[in-house]
Colleague: 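My questions will all concern the structure given below.
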Amino acid sequence: MKAIRRFTVRTVVPGPIGALPRLATNLRWSWHLPTRRLFESLDPVLWEDARHDPLAMLAAISREQLNALAEDPEVVARVAEADRSLAVYLDEPRWYQSLGGDAPKTIAYFSPEFGISEVLPQYSGGLGILAGDHLKSASDLGVPLIGVGLLYQAGYFKQSLSRDAWQQETYPLLDPDALPLTLLREDDGAPVQISLPLPEGRVLRAHIWRADVGRVPLLLLDSNVAENDAAARGVTDRLYGGGGDHRLTQELLLGMGGVKALRVHARLTGTPAPEVFHTNEGHAGFLGIERIRELMDPALTANPLSWAEALTAGRASTVFTTHTPVPAGIDRFPRSMIEHFFAGELAPGVPVHEILALGAENYDGGNPDVFNMAVMGLRLAQRANGVAKLHGVVSREMFSGLWPGFDHDDVPITSVTNGVHVPTWVDPQLAQLAREKFGADVLDGPDWSKVYEVGDSDVWALRRRLRSALVADARRRLRSSWKKRGAADAQLAWTDSALDPDVLTIGFARRVPTYKRLTLMLRDPARLKALLLHPENPIQLVIAGKSHPADDAGKKMIQELVQFTDDPEVRHRIVFLPNYDIAMARTLFPGCDVWLNNPLRPLEACGTSGMKAAINGSLNLSVMDGWWDELYDGENGWAIPTANQGTSDEERDDIESAALYELLETQVAPRFYGDLVSDGAGAAGPSHPGSGGLPSHWISMIKHTISKLGPAVSAERMVQEYVQRLYQPAAAAGRAAQDGDYAATKEFSAWIGRVRSEWGGIRVEHVESHGLADEPQIGQALAVRANVFLGGLTPDDVAVSVSYGRVGDSDELSDTRTLALDSAVDLGGGRHQFVAELVIDRSGSFGYGVQVLPRHASLANSAELGLIVTA
């Protein structure tokens, strides 16, 4: 008989060890090794059975065993020490508290997924892992962040393989009571509910669950509420499931419902209202509409703002981060669907046509029939960024239609390169080595350069231990996968010797859309087989990844790869491990000698998997895309050359796969196995039995990688950049917008309206220069004068400048600099003369042009309104 209802009963823990549930519920344990080891020590077997989940372990432990633990003075003391450690961590001032009183009091961070730990499976890939690392690092730095997301009843799918290697998905339902979550309740104990009015008089209600990520609360909205109808209960059924109305309703709940959840949380906890709203990708963009609704609602404010004023106020304190370098990766909905949802009471008083305009692709190449979530996100935020320098370049080009007339370099989208949370992703063995050698924790403000003080033999021995741990884990997972595919135990003895802890190990793990090219390595199967089975310099590959359930092309790539790995001739050298998740990644990243990444350039926004490998001493072998494009230096790995632009898809893959094989054959493998020097004791290097030496060049590359990339790829560096470059300016702008009952906002909004109405009449009527010699030389001054008709605007409303630099064959300027022109003469009739003295600073082809841009103290960037006049 099957149960008709399922629920989790939490254990009552005896007083002397009563802190255990608190330690298990705060997810700091997921990156705080002493707390993890405390739980493991209570019952190592049960810890393994519970899959390293403290709450599951406490639920399974017997009352008798708990009582025995509570009577053990050593256990009681260790629990008390862990509890004190957590209390200090939660309360002590950290980096952020040194910034002073002007730093934002609270920052809201919205994301559709969060990868905190495998015990809270609310993530699918890089976006979620990045969001989780953002929260953890914010906690470590003391940043007063609040995360906002959705609680998916089945999370993302679990992956297995059929007999013929086709990806299969299952969606086991999660019990929130068994997760490290707390239901937000009113003072009378009733669960908090927020609601959104839907079309046809329906209502979408949601509960709010709170996860504690160290110091950072994460609010997760759950539509599985009894009062909802069946469709509404299923809104948060699974991550990235469904489409159409279902997907749109999810994003409305995340954005608009998320703002409502923040208001309730502030009311119940006394937490200051957020001063900055950070939208992590366009999925949460509707948060801006809810904030506008609040400012326009006469029931919420005595002096409601107009649409234009509310939009101006909301933009000031909003940050938008785009994560996709391809238009196909952006959510787009039919305009009619957006109109249908907002025609009712979802945002009363907010003009529907204005909402539609925010997501309109009203630019060259745009589709007038769709509503673009990323476009709305950019229009609702005064500050925007990509997630790597190259991705910033790609984003400025991709969204340039929103800023017609501007050079791509001037599109106001900056970049903050992603990072990874070091305490989560550094292997404990590496951390232990640092403690032994330096008496300091590599996880606490590490001095990465100290790696040079570690002996080569110690580094090489550590690398072999990490590789051996990966091999053991991979064999276990491989055997399990084959059994699920229908193999019998008698057929699986070979899995006990699959992979070799003394062979160069290359890792490849990520989501499997086609642009990441999982199967590029299979372009020439015979050549790959020769690399795997090379008699002196063999390689082995450990591969993992999930394809979206609706992506048959991605599933076909997985099937093709797995069928290659099934070949008895090579299956001991290449394996595919299903159900890639955080738990697998913790062994996979440290255990690989080389991390492989071969996407189509420039379609990788950042790609943080290689960062996680690098902080563990793995070298990267990657196409020059994402973060690798800016941080590759020739000694931290290898760059895979890319084909020229315009090359056909087939020829491109042929060229780039050949380059990959060439690097593996002639550089990577020979360097791993060769270049041997004595280890000083006459002992064999761990991966060179009988050789009596160590690969000195390879080890020097490991040390260089850890020393140089360690600080560069840290998520602490990333979060500090967000705070200093985006959050603090956004908070200052938001405060200024509210001053004097939004007086500054009203003035700025009126100014924007006036400038937009007059801008079409502005023209540069005449430009002249004086003082140029017959043979111009560097250092010569040139007087530039521009006569500009401003109509109803004044010189204070505009910034007139001369841009100068090198001139190409098509008269396009490059390598430009800008010099402001001053208003010298009022010529009457709305005409003004602007002048400046330009010093020629370079030889060769030289030229200049004049541009007019809006100017106002409240503009974050002179290009943000998309208005420009050039001559």
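Heavy atoms only: backbone and side chains are in, while hydrogens, waters and symmetry mates are out.
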Colleague: Closest approach of Pro274 and Leu262, non-hydrogen atoms and distance?
Modeller: CG-CD1, 4.1 Å
Colleague: Report the distance from atom CG of Leu181 to atom CD of Gln122, rounding to the nearest 0.5 Å.
Modeller: 8.0 Å
Colleague: Whether Arg335 and Glu361 form a salt bridge (side-chain N of Lys/Arg under 4.0 Å from carboxylate O of Asp/Glu) is what I want to check.
Modeller: no
Colleague: Parallel, tilted or perpendicular: which fits the ring planes of His278 and Tyr722, with parallel below 30° and perpendicular above 60°?
Modeller: tilted
Colleague: Assess the side chains of Asn418 and Trp627: does a donor N or O sit below 3.5 Å from an acceptor N or O?
Modeller: no
Colleague: Testing the 3.5 Å rule here: is there a donor-acceptor pair between the side chains of Asn385 and Thr321?
Modeller: yes
Colleague: Taking all non-hydrogen atoms of both residues into account, name the closest pair between Asp140 and His421 and its distance.
Modeller: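 Shortest heavy-atom contact: OD2-NE2, 2.7 Å.
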Colleague: Which residue pairs satisfy the ring-ring contact (aromatic ring centres under 6.0 Å, His included) criterion with at least one member in residues 296-320, sequence neighbours excluded?
Modeller: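 Pairs touching residues 296-320 that pass the test: none.
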Colleague: Could you walk me through whether Trp403 and Asp410 pass the side-chain hydrogen bond (donor to acceptor under 3.5 Å, both in side chains) test, one step at a time?
Modeller: CA-CA 9 Å; Trp403 290 272; Asp410 295 327; over 6 Å; no
Colleague: Run the numbers on Tyr240 and Glu113 for side-chain hydrogen bond (donor to acceptor under 3.5 Å, both in side chains), then give the verdict.
Modeller: CA-CA 9 Å; Tyr240 301 140; Glu113 52 176 302; 2.6 Å; yes
Colleague: Thinking salt bridges, do Arg291 and Glu294 make one under a 4.0 Å N-O criterion?
Modeller: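 Salt bridge absent between Arg291 and Glu294.
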Colleague: Working note: Phe286 + Phe342, criterion ring pair (Phe, Tyr, Trp, His ring centres under 6.0 Å); need CA distance, chi angles, decisive distance, verdict.
Modeller: CA-CA 11 Å; Phe286 289 116; Phe342 281 98; 5.7 Å; yes
Colleague: Within the supplied structure, the quantity of interest is the number of heavy atoms (other residues, nucleotides, ligands) at a distance under 6.0 Å from Asp187 CG; does it exceed 12?
Modeller: no
Colleague: Which atoms form the tightest heavy-atom contact between Arg725 and Val416, and what is the distance?
Modeller: NH1-CG2, 3.8 Å
Colleague: What pairs with Tyr123 under ring-ring contact (aromatic ring centres under 6.0 Å, His included), at least two apart in sequence or on another chain?
Modeller: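 In terms of ring-ring contact (aromatic ring centres under 6.0 Å, His included), with neighbours along the sequence ignored, Tyr123 is linked to no residue.
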Colleague: Answer with yes or no after comparing the ring centroid distance for Tyr109 and Tyr727 against a 6.0 Å cut-off, counting only values under it.
Modeller: no
Colleague: Tyr742: which residues meet the side-chain hydrogen bond (donor to acceptor under 3.5 Å, both in side chains) condition with it, sequence neighbours left out?
Modeller: none
Colleague: Give the C-alpha distance, both sets of side-chain angles, the deciding distance and a yes or no for side-chain hydrogen bond (donor to acceptor under 3.5 Å, both in side chains) between Ser85 and Arg28.
Modeller: CA-CA 11 Å; Ser85 171; Arg28 184 205 184 207; 3.3 Å; yes
